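Right, one structure below, let's go through it.
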Amino acid sequence: MNLLIKGITIADPNSVFNGKTCDVSVEKGIIKAIASKLENSGTVEVYDGKGAILSPGFFDLNCVLGDPGLETKEDIHTGTAAAAAGGFTGIAIMPNTKPVVQSKGEVAYILNRAKGNLVDVKPIGAISQYLEGKELAEMFDMKQAGAVAFAEAGKAIADDGFMSRALQYALGFDGLLFTHPENKALAGKAQVNESKTTILLGMKGIPALAEELQVSRDIFLAQYHNAPLHISNISTAGAVALIKKAKKDGVKVTCDVAAHQLVFTEELLNDFDSNYKVKPPLRSKADNKALIAGLKDGTIDAVSSQHRPHEIEFKNVEFEIASYGIIALQTVLPLLLQAGLDTALIVDKLAIAPRTLLKLEVPQIEVGQTANFTVFNPTQEWRFDSETNQSKSANSPLFNTTLKGKVGLVYNNKQYKIY
């Protein structure tokens, strides 16, 4: 499909056009020309890019869809629609479906279901069978079939020996493990952050130590085996400090943070709104600041959506029995802008770094390159509601609010969509 984008500012550190305002012509999925001014041939659709940014397409490292088996929460069609509306041209999806993605059969199913989609869908396989942390899943077979990494989908591996064996096994075929930073023995059945705020609310909390102890263990194991390791969803200042030191010491560790952890704090729990119930729990303003600083100094490699869709009966209930998670694919960009991240940092943490750590090809805004990009306006406002929401679910505290930072267009796999 042919497209001419007029007067767009390019944000791509790997492009000679980075920072320049240009016209961009795309023909049959290839960037054909980039210049200060291109003429309209009359046979292409013209998009006015004034005030907007064109960057490589965003990629999400941590997303849950319900397909296979839990399609009432989200299927691949609605999940990729939400991803595209949020500027994502690629997503890596967690294995906690029914059945669990634990063999090449489930990986092949997902890849086949997502074939031909505007959004690339990359399966993440399970580390253990049935996500039980007891027996290793068929990671090598899944890697051969197309799995890009392995995770327990928001569950921490408690058994130190099992985690050690998993790292050692994955090292043999260049597999990357994603771990969840929570020591279950310390966290127990608590559901919120441990602080004065949550004590006053009458809720038992999860101490920051539960996260930091798990991060320390995983760093020590990765160092011992000289194996790569990715820590998902960090949320505390202490975790940032531990990972920063590990990187300085040469440990092959990377990490990401969910966008909502940069903005939301535990004070939002005062009304017991279950849409703020996430895991890891919302922390303090000091943790917010440390996480943002970690993004800026390179300690935190990427930002993820941590998209977790749920039917209404799992969220519109008392806080204690509500499920964890929010839908987030469409709200990542507004939250990053609210957190004060500049365009260059957003592009790095949402588009370039996620693909780099998964060893995927990073799109470039250059003549002759395959078109895979996102157009967004950082100052344009839009309303997130039932009309604009592309997800099957609506469990977001940002639902029915006005947000700043709007995706206007995404292009990938020889197709595009304008919003």
Side-chain angles (χ1 to χ4, degrees), residues 61-62 151-152 154-158 160 163 167 177-201 203-224 228-269 276-304 306 324 335 339-341 345 349 353 357:
L61 282 175
N62 190 327
E152 294 292 88
K155 295 174 67 176
I157 294 176
D160 302 337
M163 183 63 192
L167 277 169
L177 303 191
F178 282 28
T179 63
H180 178 72
E182 182 182 84
N183 181 288
K184 287 299 294 181
L186 282 176
K189 295 182 180 180
Q191 301 177 341
V192 297
N193 184 43
E194 181 183 79
S195 69
K196 293 179 181 178
T197 299
T198 53
I199 288 172
L200 289 173
L201 291 174
M203 293 190 285
K204 186 177 181 180
I206 301 173
L209 180 64
E211 177 166 317
E212 293 149 15
L213 194 61
Q214 195 78 359
V215 167
S216 296
R217 185 208 69 172
D218 289 343
I219 287 172
F220 276 121
L221 288 174
Q223 185 175 34
Y224 178 75
L229 176 72
H230 182 79
I231 303 173
S232 291
N233 308 323
I234 67 169
S235 67
T236 72
V240 176
L242 287 165
I243 293 167
K244 185 174 184 176
K245 182 181 184 303
K247 286 189 170 189
K248 186 178 180 180
D249 292 342
V251 183
K252 299 175 183 177
V253 61
T254 54
C255 65
D256 69 69
V257 62
H260 56 257
Q261 295 286 3
L262 305 176
V263 176
F264 298 162
T265 63
E266 60 191 355
E267 282 80 10
L268 293 168
L269 300 176
Y276 287 112
K277 184 178 179 180
V278 291
K279 182 173 277 196
L282 300 180
R283 305 285 188 179
S284 69
K285 290 181 182 178
D287 290 306
N288 286 163
K289 290 179 181 178
L291 292 165
I292 292 170
L295 285 167
K296 291 180 178 179
D297 69 17
T299 300
I300 302 175
D301 299 89
V303 174
S304 64
Q306 207 184 1
Y324 293 99
L335 287 177
L341 273 62
L345 194 59
K349 303 304 180 182
L357 68 89

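Just so it is clear, the values below take in all heavy atoms, side chains as well, and ignore hydrogens, waters and symmetry mates. Computed from a predicted structure; not experimentally measured.
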Of all the heavy-atom pairs spanning Q191 and P281, show the shortest one and how long it is. O-CB, 4.0 Å
At what distance, to the nearest 0.5 angstrom, does CD1 of I157 lie from CD of E182? 13.0 Å
For a quick check under 3.5 Å, do S304 and D256 share a side-chain donor-acceptor pair by atom type? yes
Supply the atom-to-atom distance I231 CD1 to F178 CZ, rounded to the nearest 0.5 angstrom. 11.5 Å
So CD of E266 and CG of L268: to nearest 0.5 Å the spacing works out to 9.5 Å
In Å and rounded to the nearest 0.5 Å, what is the OG to CD distance from S195 to E267? 7.5 Å
So do the side chains of L357 and L61 get within less than 4.5 Å of each other, counting heavy atoms only? yes
Exercise: identify the closest heavy-atom pair between Q306 and P280: NE2-CD, 4.1 Å
Using distance only, find each side-chain donor-acceptor pair of residues 287-295 under 3.5 Å and give its atom names and separation, not counting sequence neighbours.
from : atom 1 : to   : atom 2 : distance (Å)
D287 : OD1    : A237 : N      : 2.8
D287 : OD2    : S284 : N      : 3.3
D287 : OD2    : S284 : OG     : 2.9
N288 : ND2    : Q261 : O      : 2.5
N288 : ND2    : F264 : O      : 3.4

Under a 4.5 Å cut-off applied to non-hydrogen side-chain atoms, are L167 and M163 in contact? yes
Got a second to check how far N62's CG is from S232's OG, nearest 0.5 Å? 5.0 Å
Could you go through D160 and R217, starting from their C-alpha distance and side-chain angles, then the distance that decides it, and tell me whether this counts as side-chain contact (heavy atoms from CB on, under 4.5 Å)? CA-CA 8 Å; D160 302 337; R217 185 208 69 172; 2.9 Å; yes
Minimal non-hydrogen separation, I206 against A190, with atom names: CD1-O, 3.4 Å
Derivation and outcome, side-chain contact (heavy atoms from CB on, under 4.5 Å), residues V303 and V257: CA-CA 5 Å; V303 174; V257 62; 4.2 Å; yes
Is the shortest distance from a Lys or Arg side-chain nitrogen in D297 or K247 to a carboxylate oxygen in the other one below 4.0 Å? no
If every non-hydrogen atom of V251 is compared with every non-hydrogen atom of A222, which pair is closest and at what distance? CG1-CB, 4.1 Å
Checking the side chain of K349 only, and the main-chain atoms of I300 only, is there a donor and an acceptor separated by less than 3.5 Å? yes
Indicate the atoms forming the closest heavy-atom contact of A239 with E212, along with that distance. N-CG, 3.6 Å
Check step by step if side-chain contact (heavy atoms from CB on, under 4.5 Å) holds for Q223 and V253. CA-CA 9 Å; Q223 185 175 34; V253 61; over 6 Å; no
In Å, rounded to the nearest 0.5 Å, how long is the span from CZ of R283 to OG1 of T265? 12.5 Å
Return the minimal non-hydrogen interatomic distance between H180 and Q214, and the atom names on each side. O-CG, 3.8 Å
